[in-house]
Amino acid sequence: MQNTLKASVTFEGVGLHSGKSARLVLNPAAAGHGIQFKRTDIALGNTIVPARWDHVERTALCTRLINAAGVTVSTVEHVMAALAGCGIHNALIEIDGPEVPILDGSSAPFVRGIMARGIHRLGVPARAIEVLKPVTVTKDGASATLLPCDRLMIEFHIDFEEQAIGRQSRVLDLRNGAFVRELCDSRTFCRRSDVETMQANGLALGGVPGENAIVFDGSTIESGEGLRHADEPVRHKMLDALGDLALAGGPLLGRYVGERAGHALTNTLLRELFATPGASRVVDCDLAMTARLPGQGLVWSEVPATRRVA
């Protein structure tokens with residue numbers, strides 16, 4: 001069945017790139033509503049921004065949504081990953097600014113908020129998007145691919161010069177709450193050499209190493225508490241990928257493979273998927289298919305507490 005939240009939950013914080021304070025409220029919504037953002041700080045005009053692939057405005061460092069009236073909401077990937085990973089298909093997200101608060105840099109605070117309120121099962125079958133044939137996009141040595149699969153799987157590979165990151169790879173079957181157990185607490189990261197460049201271009205103004213981001217500088221790690229996973233960077237890239245894939249308009253049944261891929265390339269992949277005849281179809285989920293969707297069977301005890309690698 002389709003799911004929503006049992007009750008509203010509120011989050012407050014600053015935007016990673018804008019540095020501006022924001023208040024975000026996740027609200028329950030009816031079956032078929034999907035995920036939509038509403039800008040509560042704008043009084044007139046169209047303030048609803050659908051969380052869909054065809055409303056993404058191309059940006060390199062985050063995912064920004066835009067509606068026909070030019071109203072935007074940016075850095076949506078972490079809350080979208082939390083909703084997808086908890087199996088929430090319908091929600092109205094009210095926000096009083098242009099950027100989702102970064103909180104601790106991961107999806108974990110959103111997951112904890114959702115799970116604390118509880119998940120409400122609606123009386124309408126979930127509709128999934130089944131990948132029927134391979135689709136690949138490439139750019140500047142990076143690639144992103146979707147392959148047929150009877151569940152959602154994410155495979156990711158990264159390769160950085162920084163000694164503390166290096167090359168990392170991971171594959172994860174997203175069934176049965178795996179996102180929450182394995183990925184949701186992995187935080188956003190960047191290289192120290194990129195920080196000044198981003199800030200000079202009006203980005204990363206709300207980033208604080210150790211508070212809401214990890215900064216790598218050669219073999220040095222600025223993270224406050226230490227790493228939550230030895231391979232936290234690749235896990236976070238997988239988190240981002242899930243958040244970006246959640247903009248497909250429904251749960252995906254397919255295997256995503258990212259090689260140094262980012263937000264823009266994953267969105268390009270979705271555009272290619274839906275532009276390719278016969279590459280996908282929408283299906284009503286039966287019980288067996290529903291059991292393979294992310295978030296099914298998730299319980300509170302699986303939600304991770306912040307932890308440090310030994």
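The CG atom of Leu92 sits 11.0 Å away from the CG atom of Leu5 when rounded to the nearest 0.5 Å. To the nearest 0.5 angstrom, Thr47 atom OG1 is 12.5 Å from Ile95 atom CD1. For the atom pair CG of Asn267 and CZ of Arg271, the computed distance is 4.5 Å after rounding to the nearest 0.5 Å. Between the CD atom of Gln168 and the CZ atom of Phe156 there is a distance of 11.5 Å, given to the nearest 0.5 Å. Between atom CG of residue Asp150 and atom CZ of residue Arg292 there is a gap of 4.5 Å, rounded to the nearest 0.5 Å. Atom-to-atom distance recorded for Leu174:CG and Met153:CE is 8.5 Å, nearest 0.5 angstrom.
Residue Ile129 comes nearest to Ser280 through the heavy atom pair CG2-CB, 4.1 Å, listed as atom of the first residue, atom of the second, then distance. The two atoms that bring Gly278 and Leu132 nearest to each other are O-CB, 3.5 Å, heavy atoms only. Taking every heavy atom of both residues into account, His55 and Asn67 meet most closely at CD2-CA, 4.0 Å. Looking at every heavy atom in both residues, Cys149 comes nearest to Arg255 through CB-N, 3.7 Å.
Side-chain contact, Ser169 with His157: a donor N or O sits under 3.5 Å from an acceptor N or O. A donor-acceptor contact under 3.5 angstrom links the side chains of Glu99 and Thr75, judged on distance only.
Ion pairing between Arg112 and Asp104 fails under the 4.0 Å rule for side-chain N and carboxylate O. Comment: Glu222 does not engage Arg187 in a salt bridge, judged by the lack of any side-chain N to carboxylate O separation of less than 4.0 angstrom.
At a threshold of 4.5 Å between non-hydrogen side-chain atoms, the residues Leu247 and Asp54 do not count as touching. Between Leu26 and Val79 the shortest side-chain heavy-atom distance falls below 4.5 Å.
Here the two rings, on His236 and His229, have centers that are 6.0 Å apart or farther.
Applying the ring pair (Phe, Tyr, Trp, His ring centres under 6.0 Å) rule to pairs touching residues 3-50 yields Phe11-Phe110, sequence neighbours excluded.
When each of Leu183, Asp185, Asp240 is checked for a side-chain contact (heavy atoms from CB on, under 4.5 Å) with Arg235, only Leu183 meets the rule.
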